[in-house]
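One-based numbering along the sequence shown. None of these values were measured; they are calculated from a predicted model.
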Amino acid sequence: MSSLRTLILFVAIGVLLTGLYSLTGAPAPSPPGKQVITLWHPWGGNDGKEFRRLVESFNASQDAIVVRSLFIPNNLSSNQKFFLSVSAGEPPDVVFVDGPQVAEWGARGVLEPLDALMDEFGIRHADFWEPCAKQCQFLGKTYALTYDADPNFAFIWNKPCFADAGLPVDVPPRTIEELDRFSERLTRIDEKGRIRQVGFIPWNVFGMANSIFTWGWAFGGEFYDDAAMRVTCGDDPHILEALVWMKSYADKYGLEAINSFSEGFGDMTDNPFIRGKMAMAAGHVSNVNFFKKYGPNLDYGVAAMPYPSRIGFDNSVWMGGWAIAIPRGSRHPREAFAFMKWMCTSDEAGQSMVVTTGTFPAYKASRGFEHVQGDPKLETFYEILKNTRHQRPVMPAQAFYMGQLERAVSETLYGLKTPKQALDYVQETTQKELDRVMKRARKVQP
């Protein structure tokens with residue numbers, strides 16, 4: 001029976017790898033004088049259309065390289081198609097990788113170090129926003145270049161909601177204490193105890209894991225000791241303080257009531273912030289374009305995130321972003337890096353990010369930032385970008401860590417664990433996973 005199962009497993013893997021080969025494609029004939037390279041990217045829809053336009057623009061910009069792109073979905077937890085392509089010796093020449101994945105992919109040995117190519121092509125870490133550069137380095141090597149930068153996050157508020165509550169429409173809460181008071185005034189509950197308008201939801205900062213990262217840093221905490229490679233969320237009293245504060249909203253307004261209210265949230269024109277159902281929220285830079293499209297008459301403000309009065313300044317801001325890497329076994333690494341440099345540093349790519357997709361370049365000198373000038377909302381995001389202090393922990397158990405933090409916030413809100421128990425469990429389990437991954441990584445890395 002075991003032999004039969006083994007045979008079935010190998011056949012299944014063979015079928016999958018055959019499919020992968022057809023996705024990557026047998027080496028296509030190169031146009032005269034040009035080298036064809038393959039690219040896997042994660043964008044569909046309108047973003048994918050714009051990205052394909054950029055690829056074609058690169059192809060037309062020079063006479064040596066033709067990039068052929070393929071849409072391959074990519075997320076923090078499921079990348080087996082890519083890993084199998086590397087194992088089979090049929091990887092793409094270039095691949096996009098989410099910033100938090102870079103260290104893990106580097107530890108797995110599926111990415112080529114880029115330091116020599118960076119020297120050859122005149123690319124420096126200092127050319128990029130510091131957190132963007134840091135997220136691409138692991139164990140003294142560089143495994144990717146960051147393509148776009150997320151200044152996470154800004155604070156946005158619906159001005160008509162403020163006016164209805166008798167609050168100054170142009171004065172957002174600056175501190176956590178003010179945020180609590182504003183939220184109380186902006187939350188509307190009917191005679192049956194149902195929430196009709198919510199002031200603010202602390203765990204609604206683009207997912208529960210991103211929420212605890214944001215507030216943990218805002219309260220002065222640290223999630224990881226990089227030098228010691230030690231997870232610290234359970235030991236840091238400031239992260240505990242942040243989670244206790246987040247839970248206070250569930251206790252005060254009722255988690256079930258908030259969840260029932262949130263079930264009615266939609267997207268596009270039905271977005272709760274556009275509809276005035278949510279008075280305050282965390283905002284992403286892409287929201288500026290989103291609101292222009294789906295809420296052209298929306299009157300809202302953008303400012304720095306609130307912070308505890310004892311801290312005295314916004315310490316919450318962190319940076320994410322997609323990166324570009326060269327898989328191990330790429331047949332054309334120099335051509336791949338030439339394309340990577342163009343995508344990360346060219347005027348056209350940088351301007352496309354700001355104008356079309358609504359994100360910011362990771363390249364500090366990008367001319368895309370010229371399009372920020374004159375737009376007060378984008379200018380606020382740009383100031384936040386320039387003051388960003390954090391990136392998610394650069395370690396090869398990042399996806400695991402985020403999953404555990406997501407679970408910890410949820411268990412805390414539902415009363416299944418105390419905030420301290422939840423964070424202690426995350427620290428213990430994530431440290432074990434990190435140690436396991438690093439033991440394997442040291443067999444791969446010199």
Side-chain angles (χ1 to χ4, degrees), residues 10 13-14 16-28 35-42 65 67-121 123 125 133-147 321-344 394-400 434 436-446:
F10 275 108
I13 292 174
L16 178 57
L17 292 179
T18 300
L20 284 172
Y21 186 79
S22 65
L23 283 174
T24 306
Q35 177 62 61
V36 173
I37 64 173
T38 55
L39 161 71
W40 285 8
H41 71 87
I65 304 166
V67 177
R68 291 188 173 148
S69 63
L70 185 66
F71 167 62
I72 301 289
N74 173 336
N75 59 53
L76 285 174
S77 59
S78 179
N79 298 288
Q80 294 308 309
K81 186 174 292 186
F82 173 71
F83 296 142
L84 285 170
S85 75
V86 174
S87 298
E90 291 292 341
D93 293 300
V94 194
V95 66
F96 272 82
V97 50
D98 201 359
Q101 293 175 294
V102 173
E104 181 177 348
W105 288 19
R108 283 175 174 261
V110 297
L111 299 180
E112 295 285 358
L114 301 179
D115 302 276
L117 286 167
M118 290 176 67
D119 289 342
E120 179 181 347
F121 282 79
I123 295 292
H125 291 303
K134 284 184 176 179
Q135 74 174 357
C136 293
Q137 300 171 65
F138 180 65
L139 295 182
K141 296 180 181 178
T142 307
Y143 287 99
L145 299 180
T146 304
Y147 170 62
W322 284 94
I324 319 180
I326 298 177
R328 190 188 76 212
S330 168
R331 293 178 174 83
H332 310 290
R334 292 189 74 261
E335 290 83 358
F337 195 86
F339 169 72
M340 291 165 58
K341 178 179 179 179
W342 188 91
M343 288 299 297
C344 292
V394 181
M395 43 92 106
Q398 171 61 234
F400 184 90
L434 176 60
R436 184 190 69 81
V437 173
M438 284 306 303
K439 183 177 180 180
R440 182 184 64 194
R442 290 187 177 99
K443 295 178 181 180
V444 177
Q445 300 289 334

May I ask you to test the [X]-[Y] pair for a side-chain heavy-atom distance under 4.5 Å?
{"X": "Lys141", "Y": "Leu139", "answer": "no"}
{"X": "Ile72", "Y": "Phe82", "answer": "no"}
{"X": "Arg108", "Y": "Phe83", "answer": "yes"}
{"X": "Trp322", "Y": "Thr146", "answer": "no"}
{"X": "Phe337", "Y": "Glu120", "answer": "no"}
{"X": "Ser85", "Y": "Trp40", "answer": "yes"}
{"X": "Ile324", "Y": "Val94", "answer": "yes"}

side-chain contact (heavy atoms from CB on, under 4.5 Å) partners for [X], two or more places apart:
{"X": "Val437", "result": "Pro396, Glu433, Arg440"}
{"X": "Ala103", "result": "Phe138, Val394"}
{"X": "Glu335", "result": "Gln35, Ile37, Ile65, His332"}
{"X": "Phe71", "result": "His41, Pro73"}

Roughly how far, to the nearest 0.5 Å, is [atom2] of [Y] from [atom1] of [X]?
{"X": "Leu114", "Y": "Cys136", "atom1": "CG", "atom2": "SG", "value": "8.5 Å"}
{"X": "Met340", "Y": "Leu39", "atom1": "CE", "atom2": "CG", "value": "10.5 Å"}
{"X": "Arg436", "Y": "Lys439", "atom1": "CZ", "atom2": "NZ", "value": "10.5 Å"}
{"X": "Gln101", "Y": "Phe96", "atom1": "CD", "atom2": "CZ", "value": "13.0 Å"}
{"X": "Leu117", "Y": "Ile326", "atom1": "CG", "atom2": "CD1", "value": "5.5 Å"}

Please confirm whether the backbone N or O of [Y] pairs with a side-chain atom of [X], one donor and one acceptor, at under 3.5 Å?
{"X": "Gln398", "Y": "Met395", "answer": "no"}
{"X": "Arg328", "Y": "Gly109", "answer": "yes"}
{"X": "Lys341", "Y": "Phe121", "answer": "yes"}

Evaluation steps, side-chain contact (heavy atoms from CB on, under 4.5 Å), between Val95 and Trp105
CA-CA 11 Å; Val95 66; Trp105 288 19; 4.2 Å; yes
Run Gln137 and Tyr143 through side-chain contact (heavy atoms from CB on, under 4.5 Å) and show every step you take.
CA-CA 6 Å; Gln137 300 171 65; Tyr143 287 99; over 6 Å; no
Using the test side-chain hydrogen bond (donor to acceptor under 3.5 Å, both in side chains), find all partners of Lys134 that sit at least two apart in sequence or belong to another chain.
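Partners of Lys134 by the side-chain hydrogen bond (donor to acceptor under 3.5 Å, both in side chains) criterion, ordered by chain and then number, come out as Glu130.
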What residues, two or more places apart in sequence or in another chain, satisfy side-chain hydrogen bond (donor to acceptor under 3.5 Å, both in side chains) together with Ser330?
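Result, side-chain hydrogen bond (donor to acceptor under 3.5 Å, both in side chains) vs Ser330: Asp93.
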Can you name the nearest heavy-atom pair linking [X] to [Y], along with the distance?
{"X": "Pro92", "Y": "Pro327", "answer": "O-CG, 3.2 Å"}
{"X": "Gln135", "Y": "Val102", "answer": "O-CB, 3.5 Å"}
{"X": "Pro91", "Y": "Gly89", "answer": "CD-C, 3.2 Å"}

